[in-house]
Amino acid sequence: MRGAISITGMGILCAIGNNAQQVLVSLQRKQSGIGPMKYLSSIHTDIPVGEIKRSTDEMKAMLGIRREEPVSRTSAMGALAVREALQQAGIKDLSHKRVALISGTTVGVMDVTEQYFERMKTEPELQYLPHSNECGKSTDEIAEFSGLSGARCCTICTACSSALNAMMVGAEMLENDEVDLVIAGGSEPLSRYHLNGFNTLMILDRQQCRPFDETRAGLNLGEGAAFVVLEKDAPNALAYLAGYANRCDAFHQTATSKDGEGAFLAMSGALKMAGLQPQDIQYINAHGTGTPDNDASESAAFRRVFGEAVPPMSSTKSYTGHTTSAAGAVETVICLLAMQNGFIPASLGWSHPIPGGVIPSLGCSGVNLEYVLCNSFGFGGNDSSLILSKHRLETQSPSLASEDGIRIAARQMVDNVEQLPLLKDYLSPMDTRRMSTLMKASLLSAFLALKEAGLEHPDAIITATSRGMLELSTQFLEDISANHEELLKPTLFMQSTHNTIGSAIAIRTQCHGYNITYSQGEQSAFWAQRDARIRLRKGQAKNVLVCAFDEELSEGKTAVFRAESTIYTLD
Amino acid sequence: MEELIFNLKTQIIDALNLEDMTPEQIDNDAPLFGDGLGLDSIDALELIVILDKHYGIKLASPAEGKEVFKSINCIADYVQKHRTK
């Protein structure tokens with residue numbers, strides 16, 4: 001038997017509440033938290049947002065952080081959510097426990113970076129500020145401010161599926177007995193950076209979002225932090241993580257495939273792991289962003305998994321806005337509240353069915369929810385699904401293969417611009433035209449490693465990076481600053497998430513398998529290798545491609561870069 | 001009109017990172033998306049930025065640009081009729 005992964009505590013801050021109780025009340029009263037911008041400083045005041053109703057300074061005061069300390073909103077929100085989760089789980093003393101904090105974020109400490117971006121250029125004393133795109137910094141800070149200083153910290157950066165993937169990684173750490181207790185989730189504040197980024201993609205609705213409605217015209221950005229406490233076989237379980245899966249759509253960096261292949265594979269994988277049939281699911285918390293693309297593609301995937309009998313489904317992004325990297329955890333907490341209190345959250349704003357589409361639930365109370373499915377999909381087609389069960393499921397644990405059979409089948413490094421013309425053997429100039437030097441180097445290292453190993457495509461792709469797409473992110477920050485948030489380049493933003501390279505490899509090799517990105521400073525590669533071994537030992541992949549990459553800039557351009565791809569196989 | 005077409009092509013080559021191409025290599029009548037030049041949804045967004053930035057034309061969505069962005073000639077016609085700068 002596999003030890004059951006129990007959830008023993010939850011904490012949340014989002015547009016509809018600063019704790020779980022407030023969120024529950026808003027959901028039951030069908031009150032959305034989306035409205036005019038109050039805390040974020042941007043010229044785009046016509047764009048409605050789902051803000052947490054608290055300033056960063058107020059949060060810092062609650063955590064005992066001095067006002068002048070340049071602490072990220074990401075970290076402050078995250079620490080408050082972690083504290084609530086630990087409190088609910090009744091955990092006071094962690095000194096004798098092995099603890100891990102796994103957080104999903106993409107913005108990281110960008111809110112601080114953008115605040116000081118111009119001043120950093122001329123004031124050397126500000127250079128210490130975390131201006132380097134390191135997402136791992138926010139997780140370290142969350143640990144520090146929530147009293148988890150001894151915890152192992154790990155950050156997952158797979159854009160809008162980050163927090164759901166963080167919970168998966170945490171569950172596997174418990175399963176493998178690497179730790180005794182996991183706090184997993186995500187934190188993502190609103191930033192000028194990604195508000196403007198989504199604006200360049202023209203997917204922000206100027207009105208309240210209307211997921212699964214025929215007239216839907218885009219998403220509303222929100223912010224949120226949510227964490228759950230995970231323990232093995234705990235007596236005080238609120239619910240259990242019964243199944244989860246991550247798969248890749250491998251279609252486009254920002255668009256979704258028409259048939260929702262990645263979403264279909266993720267939901268099917270989670271059901272298989274839980275040992276459940278589609279008809280067992282009693283509620284689906286959809287990814288449901290409200291963009292024309294997502295909702296059509298997710299509906300197609302629902303039909304493929306559930307046929308005509310799609311269970312009651314809603315998108316709670318109509319309350320919270322799209323909390324991007326935190327969405328998986330925010331919506332898991334919402335699912336837990338729905339299960340505990342026996343109701344189906346309404347999809348707000350819906351009135352016109354999509355012809356032939358799936359109709360969302362307008363809310364229902366007095367129901368017993370035994371099994372609930374939660375979807376979270378990110379840029380690059382990074383699609384994840386999670387199944388919660390109210391009671392412990394008796395499932396067989398997969399037998400783990402021995403470590404001894406794992407070997408390195410190939411390893412290729414690219415760190416010199418003179419190597420880059422070799423990419424012509426694999427990709428057309430039309431395909432490479434937008435790519436940064438780092439992206440070209442990483443893709444080339446991946447192709448060369450696959451060739452050396454005699455493989456056409458990998459079964460799984462894991463990437464590791466400390467600073468991600470540093471050049472493109474810096475250029476987009478410059479673009480925002482120089483053009484005062486107007487007429488910015490979508491090309492810069494759409495490739496600026498840390499998982500861009502993992503997705504790019506998947507798209508070019510048509511790899512629909514597991515795809516995850518770790519960003520934890522110098523430990524990023526360690527986490528990626530650890531994960532590769534688990535995929536192989538669990539028999540989920542016969543080979544895994546691990547690509548580690550980073551770059552350093554000089555005057556805003558790539559000066560030094562290094563990309564290394566390794567293929568791990570199991571004999 | 002010829003000058004407008006040349007300027008448009010130069011702006012497109014620059015914004016869409018078509019570094020290996022010259023304005024002469026882009027056929028005025030050839031489709032820009034799909035089987036023609038092979039542009040994608042992100043390019044459509046970049047084209048919207050070009051029209052706004054250089055010609056003061058605001059398109060509300062990529063769907064609105066679908067007819068406009070069929071070919072270089074289509075864009076040039078549209079710009080000539082609707083430009084505000």
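Proteins come first, then strands; the chains are lettered A, B, ... in the order of their sequence lines, and each starts at number 1. Worth knowing before you read on, the calculation uses all heavy atoms, side chains too, and leaves out hydrogens, waters and symmetry mates.
- To the nearest 0.5 angstrom, B:Met21 atom CE is 10.0 Å from A:Arg433 atom CZ.
- Heavy atoms of other residues, nucleotides or ligands lying less than 6.0 angstrom from CD of B:Glu24 number more than 12.
- Atom CG of B:Asp35 is surrounded by 12 or fewer heavy atoms from other residues, nucleotides or ligands within 6.0 Å.
- Across every non-hydrogen atom of B:Glu46 and A:Pro490, the tightest pair is OE2-CD, 3.5 Å.
- When all heavy atoms are compared, the tightest approach of A:Lys489 to B:Ala15 is NZ-O, 3.0 Å.
- With values rounded to the nearest 0.5 angstrom, B:Leu45 atom CG is found 9.0 Å from A:Ile203 atom CD1.
- For a residue to count as touching a neighbouring chain, one of its non-hydrogen atoms must lie under 4.5 Å from one of that chain's; by this rule A:Thr491 touches chain B with backbone and side chain alike.
- You'll find the side chain of A:Gln253 stays beyond 4.5 Å of the side chain of B:Ile42, heavy atoms only.
- Proximity to chain B (any heavy atom under 4.5 Å) is shown, for A:Leu201, by both the backbone and the side chain.
- The heavy-atom pair separating B:Gly38 from A:Met430 by the smallest distance is O-CE, 3.9 Å.
- By number of non-hydrogen pairs under 4.5 angstrom with chain A, the leading residue of B:Val49, B:Leu16, B:Asp43, B:Leu18 is B:Asp43.
- Listed here is the closest heavy atom pair of B:Asp52 and A:Leu487: OD2-CD2, 3.2 Å.
- Of the listed residues (A:Arg434, A:Met494, A:His252), the greatest number of heavy-atom pairs within a distance under 4.5 Å of chain B belongs to A:Arg434.
- At a 4.5 Å heavy-atom cutoff, the contact between B:Glu19 and chain A is made by side-chain atoms alone.
- For B:Leu51, no part lies under 4.5 angstrom from a heavy atom of chain A.
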